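Following: one structure in C-alpha cells, then a few remarks.
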Protein chains: 2
Amino acid sequence: MDRAANPGARPTMEDVARRAGVSRALVSLVMRGSPKVSEQRRTAVLRAARELGYRPHVMARSLASRTSTVLGVMVSDLHNPFFAEIVDGLDAVARAEDFELIINTGSRSPARERRALNSLLSFRPAGVALLGPVVSAAEIGLAAQQVPIVLVAARPTRLSNVDIVNDDGEAGAELAVDHLVSLGHNKIVHLDGGGGSQAGTRRRGYLKAMRRHGLEPVVLRSEYTDAAGAKAVRELLAEHDGDLPTALVAANDYNAVGAISALEEAGLRVPEEVSVVGYDNTSLAALRHLSLTTVDQPRTEMGRLAAEALVQRIRGQRSEPVHQLLHPSLVVRSTTAHPPLHPPPQSPTRQPAGKSATAGGTS
Amino acid sequence: MDRAANPGARPTMEDVARRAGVSRALVSLVMRGSPKVSEQRRTAVLRAARELGYRPHVMARSLASRTSTVLGVMVSDLHNPFFAEIVDGLDAVARAEDFELIINTGSRSPARERRALNSLLSFRPAGVALLGPVVSAAEIGLAAQQVPIVLVAARPTRLSNVDIVNDDGEAGAELAVDHLVSLGHNKIVHLDGGGGSQAGTRRRGYLKAMRRHGLEPVVLRSEYTDAAGAKAVRELLAEHDGDLPTALVAANDYNAVGAISALEEAGLRVPEEVSVVGYDNTSLAALRHLSLTTVDQPRTEMGRLAAEALVQRIRGQRSEPVHQLLHPSLVVRSTTAHPPLHPPPQSPTRQPAGKSATAGGTS
DNA sequence: TGGTTTTGTTAGAGCGCTCTATTGGTTAGA
DNA sequence: TCTAACCAATAGAGCGCTCTAACAAAACCA
C-alpha cells in the first residue's frame with residue numbers, strides 16, 4: 001500500500017526518497033555509504049529502504065557510474081570440481097573487495113565458450129576470469145582489449161595483455177616422475193591430456209624428468225576423462241603385450257581412475273603391479289576408496305591470486321601483465337609403490353615377493 | 001580513428017548510427033531484428049556495427065525495455081557435479097529461448113546463499129532457479145514476490161508462489177529398498193542426509209518401503225559427504241557389533257563411497273558381505289572403479305523442466321505454481337548382491353510388485 | 001559584523017538503450 | 001485529384017541510477 005506510484009513492481013530509489021522525505025540523490029549517497037550524510041537522514045533513508053524492501057539496481061548503477069563491480073567467471077567445465085575450488089578463491093577475494101561474481105560455463109566446447117564469454121562481456125564486467133579456457137587465443141585477445149582478463153589453468157599463450165595464473169605443470173609432472181623413480185620404477189608411461197589446457201606443459205615436464213633420469217619416455221595420447229584413461233590403458237595392454245610399464249603418470253585424476261579400472265579389469269593390481277599417479281588432487285583422489293597418489297595444485301590460492309590480479313588491474317594499480325606460476329606438491333596416497341621385481345634399497349611398504357611369477361610372464 | 005567522439009571506449013549505438021548515417025532508433029530496430037527496416041539501411045547499419053566492433057549493452061537494453069533476458073541460477077554447491085547436469089538442462093532451454101544464464105553459488109551456507117541470491121536479484125533477472133537451496137523458506141518467499149522462482153532439488157516447502165521441480169525421493173528410496181529386498185536382504189540400514197535437501201523425503205521412502213516389506217527400519221543420522229558416510233559406518237560397526245546389517249541405503253553417492261571405504265577398512269567386502277546403494281548417480285558412481293548401484297535422477301531433464309517453468313511464468317502463460325515430481329530409476333551396478341548366508345530363491349534383478357520406475361543402467 | 005569555509009542536500013544532466021508517438025513519403029482507392 | 005492507408009525512419013521521453021555543480025544553512029575566523 002505504501003509502494004506509492006509503483007505498486008507490485010520493485011521499489012526504486014525514487015520510492016525510497018519519497019518515503020523518507022528526501023531527494024533521490026541523498027538516497028544514492030546513503031546507499032553508497034557516503035560519509036557526508038547526517039546521521040538523522042541516513043537512518044531515515046535506511047528505514048524507508050528496509051520497509052520497502054529496496055535493493056539498488058546494479059545494472060542502472062553501473063550504467064550511470066560507468067563502472068562495474070561485476071567480475072565475470074567463465075568456467076570451462078562445471079562438471080569438474082577442480083574449478084569449483086578456484087571459484088572458492090575468486091569468491092573469497094570478490095567478497096572482501098566488494099565485487100559480485102557472475103559465473104558462466106562453456107561446457108568444454110569452444111563455440112559454447114565463446115557464447116558464454118560474450119554473454120559475460122555483455123554485462124560490461126570490471127574484469128573477467130577464464131578458468132581452463134578452450135576458446136582461441138585470438139578471441140581472448142580481442143576481449144582483453146575491452147576488459148582486464150585473467151587466465152587460470154590455461155594453456156600457455158603469447159597474449160601480452162592478459163594476466164595468467166597457472167600451476168607449474170612442468171614441475172608437477174616432474175614431481176610425479178621423480179616420485180616413481182625414487183620408488184624404483186624405470187618403465188614409466190605418460191597418458192597425456194591431448195589438447196586440454198595444461199596437457200602440453202605436463203607432457204613437457206614428464207619428458208624433461210625422464211630425460212634427466214636417463215629413462216626412455218613413452219607418451220600415449222589420451223584425454224582428461226575416465227573413459228579416455230581406460231581406453232589408453234587397454235590399447236597399451238594390447239600393444240605392448242610383453243613389455244608393460246610398471247608405472248603410469250596420468251593426465252589428471254579422472255584419467256587416472258579410468259586407467260586404474262582398466263588395469264584391474266585386466267587383472268593387474270594397483271599398486272602392486274602397476275603404480276598410478278594422478279594430477280589435480282580432486283575430491284575424487286581424496287576419497288579413501290580410491291586414495292590416489294596425485295599432484296596437488298593450490299587451487300583456492302590460484303583463484304585468490306587471479307581475483308587479486310583483476311582487482312589490481314581494475315584499480316589501475318598495475319598495467320603490465322603478470323604471469324604467476326604456482327608450485328604444485330605431491331600427495332602420496334595408495335596407488336604408488338615399489339615396482340615388482342625391483343625390491344627397493346630399504347624395507348618396502350608392500351612388496352610381495354611372490355609377485356615374480358605374474359611379472360615374469362604376463363602374456 | 002572512426003570511433004568518433006568515443007575513442008578507446010566501447011562503441012555505442014550512437015556511434016553506429018553516426019557512421020551508418022541513420023538515427024539511433026533505426027540502429028536499435030536493426031539490432032532487434034525488426035522487419036520494418038529497408039534492406040539497404042539494414043546492411044549499412046550492420047556493416048557499420050561490424051566495422052566498429054559494436055555489441056549491444058544488455059544492461060542498458062534491459063533497463064530501457066523494462067524486461068530482462070537473464071535467468072539467475074543459484075547453485076548451492078558448485079563442488080557437487082550433481083548440479084552441473086541440472087545446469088546443463090537449464091542452459092539448453094535458455095539457449096533455445098534466448099535467455100542468458102548467470103550462475104552464482106552459496107557454498108552450502110545459508111548466509112552465503114542469501115548473499116548469492118541477493119546478488120542475483122540485483123541484476124533484476126527475469127527468473128531465478130535455486131538448485132538445492134538451503135536458505136530459509138521465508139527468504140525464498142520474499143524473493144518470489146519480485147521475480148518468478150523455481151526450486152530444483154529442494155526440500156519440501158509450503159511456499160505457494162514458487163514452482164518446484166524435484167525427483168520423487170520417496171519413490172527413489174523405495175526403489176533402493178525394493179531392490180535389496182528382492183536380493184534377499186532384510187537387515188537394511190539407512191544412512192540419512194541429515195538436514196540436506198531431499199534427505200527427509202528419502203528417509204520417508206525408506207521407512208515406507210521397510211514397513212511395506214514388514215522389516216524393521218534403522219536410520220542412522222549422517223550427511224551428504226564421504227566423511228560422514230564413513231563415520232556413520234564406523235559408529236554402526238562399533239555399536240551393532242554382533243548384529244550387522246547386510247545392506248545400506250546411503251544418503252547419496254558421496255555418502256555411499258565413504259560408507260564403502262569404512263566397510264572395507266573394517267574388513268567387510270562389498271558387495272559380498274554388505275551391499276550398498278547410493279543416490280544421485282553422479283559421475284562418481286559411474287566410474288567403473290566404483291561401479292556403484294545407485295538411484296538415478298533425470299537431472300538434465302529436471303534442469304530443462306525448471307527452465308521451462310520459468311519461461312512460462314515470464315511469458316505470462318501460467319500463473320499457478322507447478323510442482324513437478326520426476327521419477328527416478330535404479331541403476332544396478334556392482335555394489336549390490338545377495339546377502340551372505342541367504343541365497344536367494346533364484347537370480348532376480350527386478351522386484352515383484354511392479355513398481356512404477358524402471359531398473360535401468362549397466363551391468 | 002561581514003565574509004569565508006564547511007557541511008549537508010538537491011536539481012538536473014546523462015549513462016546506452018527501448019518505445020511511443022509522430023513525421024514525411026509512397027501507394028492504393030474512389 | 002484528394003484522402004486513407006501504409007511504410008520507413010526518427011525525435012524525444014524515460015528506465016534507475018550516479019555525479020557534477022550549485023545551493024542554502026551552519027560554523028568558523030577575523
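Within every chain, numbering begins at 1; the chains are lettered A, B, ... in the order of the sequence lines, protein sequences first and strands thereafter. Since we're looking at a predicted model, the values are computed, not measured.
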Once you round it to whole Å, what is the distance between [atom2] of [N] and [atom1] of [X]?
{"X": "B:Met13", "N": "D:dG12", "atom1": "CE", "atom2": "C1'", "value": "15 Å"}
{"X": "A:Met31", "N": "D:dC19", "atom1": "CE", "atom2": "C1'", "value": "17 Å"}
{"X": "B:Lys36", "N": "C:dC19", "atom1": "NZ", "atom2": "C1'", "value": "11 Å"}
{"X": "A:Phe123", "N": "C:dC15", "atom1": "CZ", "atom2": "C1'", "value": "17 Å"}
{"X": "B:Arg24", "N": "C:dC15", "atom1": "CZ", "atom2": "P", "value": "10 Å"}
{"X": "B:Leu26", "N": "C:dC19", "atom1": "CG", "atom2": "P", "value": "15 Å"}
{"X": "A:Arg18", "N": "C:dA11", "atom1": "CZ", "atom2": "P", "value": "13 Å"}
{"X": "A:Glu14", "N": "D:dG14", "atom1": "CD", "atom2": "P", "value": "12 Å"}

Which nucleotide sits closest to the side chain of [X]: [options]?
{"X": "A:Arg66", "options": "C:dT9, D:dT10, C:dC15", "value": "C:dC15"}
{"X": "A:Ala25", "options": "D:dG16, C:dG16, D:dC19", "value": "D:dC19"}
{"X": "B:Ser65", "options": "D:dA11, D:dG16, C:dC19", "value": "C:dC19"}
{"X": "A:Val37", "options": "D:dT10, C:dT9, D:dC17", "value": "C:dT9"}
{"X": "A:His57", "options": "D:dG14, D:dG16, C:dT9", "value": "D:dG16"}
{"X": "A:Leu29", "options": "D:dC17, C:dG16, C:dT10", "value": "C:dT10"}

Is [X] close enough to [N] that one of its side-chain N or O atoms is under 4.0 Å from OP1 or OP2 there?
{"X": "B:Thr12", "N": "C:dG16", "answer": "no"}
{"X": "B:Ser38", "N": "D:dA9", "answer": "yes"}
{"X": "A:Ser28", "N": "D:dT18", "answer": "yes"}
{"X": "B:Arg61", "N": "C:dT18", "answer": "yes"}
{"X": "B:Arg41", "N": "D:dA9", "answer": "yes"}
{"X": "A:Arg32", "N": "D:dT18", "answer": "yes"}

Under 4.0 Å between any heavy atoms, over every strand shown, what does A:Val22 touch: base, sugar-phosphate, or nothing? Just pick one.
sugar-phosphate
Got a salt bridge between A:Arg318 and A:Asp163, using NZ or NE/NH1/NH2 to carboxylate O under 4.0 Å?
yes
Does any non-hydrogen side-chain atom of [Y] lie less than 4.5 Å from one of [X]?
{"X": "A:Leu121", "Y": "A:Leu117", "value": "yes"}
{"X": "B:Arg61", "Y": "B:His57", "value": "no"}
{"X": "A:Val58", "Y": "A:Glu100", "value": "yes"}
{"X": "B:Leu120", "Y": "B:Ile102", "value": "yes"}
{"X": "B:Leu130", "Y": "B:Ile140", "value": "yes"}

